[in-house]
Number of protein chains: 2
Amino acid sequence: MSFDEVIARSKAACEALSDEDDGLKREVLAHAGNRWSLGIVYALAVSGTLRHAELARRLDGVTQRMLTRSLRQLERDGLIVRRDHQEVPPRVDYTLTALGRGLLAGMMPLGTWVIDNATSFRSARDRFDGHDSRDKR
Amino acid sequence: MSFDEVIARSKAACEALSDEDDGLKREVLAHAGNRWSLGIVYALAVSGTLRHAELARRLDGVTQRMLTRSLRQLERDGLIVRRDHQEVPPRVDYTLTALGRGLLAGMMPLGTWVIDNATSFRSARDRFDGHDSRDKR
DNA sequence: CAGCATCCCGTTTGATACTG
DNA sequence: CAGTATCAAACGGGATGCTG
């Protein structure tokens, strides 16, 4: 696809992201940049249904607090479903919704682009941070 | 594409975003969710080269401070080029790089997905926020 | 014109400890 | 086991005023 086509198709997207009812669309986009959201979605996409502790084991370095918060956010936007089995001891599991699977599919091109150009970002930063000496990252 | 294929292709992306040198890739992804980044990239994609004040006019509601900050971030990651003409009065303009055009292209699928499903997010939120009354954000 | 300084607020992320 | 409470740091975002 030519870049002109990209621009034309981006028009609706970029305008919708500025007009905006309230910023909901940008908040959904922000899931992409959030620390754990994408990892959670991916883990659920692979495994189908997971409990809190199982997710914690798969996401290296996540704390209970952040896992809970991230799950709430994803649930709020309809990307995952939280099912509380009302048992003792507690038993809660999470499943990806169709919407959540859509996020993963939509993220893919951007994700692979980021990976493909990782070295470009790295060198751009090194150049930038090198120019004025202080304040690295 | 089947969802199994999506998962398979997402594998590299999601793993690269967790291992991580330092989080650079996630920071680049975060540009998508940032308040002004995408709007700046789009404006430059359409117009080619713009000055600070011209960008400010195109981005409704942006303050000079946030515009400057956002431009710096994009410049740091190599998505735009800042050119200072060293004149009096000051004259500085910004241009999208090939990397920046790539961001827009990579963002497109995700952007259109968000728009297509905006009503789903809306209703999911209303349902969620309705359940436990407090904290409507 | 471009953008820096200052002060401000809310959110994200986090470590640690505690509860039903 | 799943989740909350508390405390703290860093960051995004903004309003206002000043400078070369």
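In what follows, chains carry the letters A, B, and so on, assigned in the order in which the sequence lines appear, proteins first and then strands, with residues in each chain numbered from 1. Computed from a predicted model, the values in this text were never measured in an experiment.
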When you check every protein heavy atom under 4.0 Å of nucleotides 12-20 of chain D, what one-letter string (B, S, -) results, 5' to 3'? BBBB----B
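- For B/D84 and C/dC4, the CG to C1' distance is 14 Å, given to the nearest whole Å.
- Considering only side-chain N and O atoms, A/R72 lies nowhere under 4.0 angstrom from the phosphate OP1 or OP2 of C/dT12.
- Rounded to an integer number of Å, the gap from CG of B/D93 to C1' of C/dA2 is 12 Å.
- In this structure, A/I80 places its CD1 atom 13 Å from P of D/dA2, rounding to the nearest Å.
- Put simply, the side chain of B/S37 never gets that close to the backbone of B/N34: no donor and acceptor are under 3.5 Å apart.
- A salt bridge does not link B/E75 to B/R83: none of the charged nitrogens lies less than 4.0 Å from a carboxylate oxygen.
- Under 4.0 angstrom from either OP1 or OP2 of C/dA2 there lies at least one side-chain N or O belonging to B/R51.
- Regarding B/R82, its CZ atom lies at a distance of 16 Å from the P atom of C/dC1, rounded to whole Å.
- Side-chain contact annotation: B/H52 with B/D93, donor-acceptor N/O pair under 3.5 Å absent.
- Rounded to an integer number of Å, the gap from NE2 of B/H31 to P of D/dC11 is 14 Å.
- One can place CG of A/L71 at 16 Å from P of D/dC1, the figure rounded to the nearest angstrom.
- Summarising the geometry, the separation between CG on A/L67 and C1' on D/dA2 is reported as 10 Å, rounded to the nearest angstrom.
- One interatomic measurement links the two molecules: CZ of A/R76 to P of C/dT11, which rounds to 11 Å at whole-angstrom precision.
- Checking B/T49 against B/T95 by side-chain atom types alone, a donor-acceptor pair falls below 3.5 Å.
- There is no path of hydrophobic side-chain contacts, each under 4.5 Å, that joins A/V81 to A/L38.
- No donor-acceptor pair closer than 3.5 Å links the side chain of B/S47 to the backbone N or O of B/L50.
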